[in-house]
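These values consider heavy atoms only, across backbone and side chains, with no hydrogens, waters or symmetry-generated copies. Residues take their numbers from the sequence shown, with the count starting at 1.
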Amino acid sequence: MSDRRKIKLVQSLTGAIVLTLLMQVMPVLGYGNYVWMLFLPLLLFFALGADFKKIPAMIIGYGCGCLWSIVNALVMQLFAGFGDNAFLSNILPTIIVIFLILTTHENLLEGTIFGNIPSIFLGLSTSFFVFMLNVPLTTLHLIGFYCYGLVLAAAWFSLVWRCAAQSLARNARWQRSCHFRRMTRRIRRTANSTAASFPAKERNR
């Protein structure tokens, strides 16, 4: 097995243990049915490059997405009077809300802490889950789950890559040691062969 595969194996085992243990907080607090929501920020964290500097923007963006869900609910109520007209009562309000989100965050606030579009849409979609399905959760619950999921991602990433760095360091020291031993043996063989090439009289002189 190559060194890379060994390091990956250690990372996988460490990540599985760390994540499983940290997720037990949810059942202890009575939210065992929502453990799956911790995987959403975990996926998003790694999809965005596992960059710790992006975590503040991810949190702000998720909060903005939750707020936009409230705006969406208000806009849908405004167009609810059109009744059975699917375009005016459903499609058009959705177009308006998405247009406002993209214009605000991808255009006007591009490059700022408010411009993390994936987090915004994740906050919007999970808020739909709460409001449309009548799940006994609030926006504060969603933000809390999301932040804790980022804690899990940061903890796993830090621990796993620390283990990987230590494994690489040990491997590098082992390789240097092996290289030194090989060089020592090579020098000895060279010295012995050189000494053997001289006549006995020359060696004893």
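The hydrophobic side chain of Val28 is isolated, with no ILVMFWY side chain under 4.5 Å apart from it. Summarising the hydrophobic clusters (Ile, Leu, Val, Met, Phe, Trp, Tyr; side-chain heavy atoms under 4.5 Å, direct or chained), the residues clustered with Leu140 are none.
Leu9 and Leu13 fall into different hydrophobic clusters, defined by Ile, Leu, Val, Met, Phe, Trp and Tyr side-chain heavy atoms under 4.5 Å apart, directly or through other members. Phe128 and Leu43 fall into different hydrophobic clusters, where Ile, Leu, Val, Met, Phe, Trp and Tyr side chains are chained together by heavy-atom contacts under 4.5 Å. Under the 4.5 Å side-chain contact rule for hydrophobic residues, Met132 and Leu78 share a cluster. In terms of hydrophobic clustering, with Ile, Leu, Val, Met, Phe, Trp and Tyr side chains grouped at heavy-atom distances under 4.5 Å, Leu150 and Leu142 are assigned to a common cluster.
Within the 4.5 Å cutoff, the side chain of Tyr62 has no heavy atoms near those of the Cys147 side chain. Within the 4.5 Å cutoff, no side-chain heavy atoms of Leu122 are placed close to those of Met58. Ile59 places a side-chain heavy atom less than 4.5 Å from the side chain of Ile55. Counting heavy atoms from C-beta outward, Phe157 and Val18 have side chains that stay 4.5 Å or more apart. Counting heavy atoms from C-beta on, the side chains of Phe82 and Leu92 never come closer than 4.5 Å.
Contacts classified as side-chain hydrogen bond (donor to acceptor under 3.5 Å, both in side chains) and involving residues 78-90 (residues at least two apart or in different chains) are not found.
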Please lay out, stage by stage, how Leu38 and Leu22 fare under the test side-chain contact (heavy atoms from CB on, under 4.5 Å).
CA-CA 10 Å; Leu38 300 179; Leu22 291 178; over 6 Å; no
For Ser158 and Phe52, what are the C-alpha separation, side-chain angles and deciding distance, and is it a side-chain contact (heavy atoms from CB on, under 4.5 Å)?
CA-CA 10 Å; Ser158 300; Phe52 286 93; 3.5 Å; yes
Would you check, one step at a time, whether the test side-chain contact (heavy atoms from CB on, under 4.5 Å) holds for Leu109 with Thr104?
CA-CA 6 Å; Leu109 299 176; Thr104 301; 3.9 Å; yes
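A distance of 6.0 Å separates OG in Ser119 from CG in Leu48, rounded to the nearest 0.5 Å. Atom OG1 in Thr103 sits 11.5 Å away from atom CD1 in Ile98 (nearest 0.5 Å). From Met37, atom CE reaches atom CZ of Phe129 across 6.0 Å, with rounding to the nearest 0.5 Å. In this structure, Leu137 CG and Ile143 CD1 are separated by 12.5 Å, a value rounded to the nearest 0.5 Å. To the nearest 0.5 Å, atoms CG (Leu67) and OG1 (Thr139) are separated by 8.0 Å. The structure places OH of Tyr148 at 8.5 Å from CE of Met23, a figure rounded to the nearest 0.5 Å.
Using modelled atom types, no side-chain atom of Tyr146 and backbone atom of Leu40 make a donor-acceptor pair closer than 3.5 Å. Proximity of a side-chain donor or acceptor of Thr20 to a complementary backbone N or O of Ile17 within less than 3.5 Å is not detected.
A distance of 6.0 Å or more separates the ring centres of Phe39 and Phe45.
Residues passing the ring pair (Phe, Tyr, Trp, His ring centres under 6.0 Å) test with Phe145, sequence neighbours excluded: Tyr31. Residues that satisfy the side-chain hydrogen bond (donor to acceptor under 3.5 Å, both in side chains) test with Thr94, not counting sequence neighbours, are absent from this structure. Scanning for side chain to side chain contact (heavy atoms under 4.5 Å, CB included) contacts around Val75 gives Val71, Phe79, Pro93, Val97, with sequence neighbours left out.
Across Lys54 and Asn116, no two heavy atoms sit closer than the pair O-ND2, 4.5 Å. Contact between Tyr34 and Met26 at its shortest, heavy atoms only, is O-CE, 3.6 Å. Residues Pro118 and Leu44 approach most closely at CB-CD1, 3.6 Å, considering heavy atoms. Heavy-atom minimum distance, Ile113 versus Pro56: CD1-CB, 3.9 Å.
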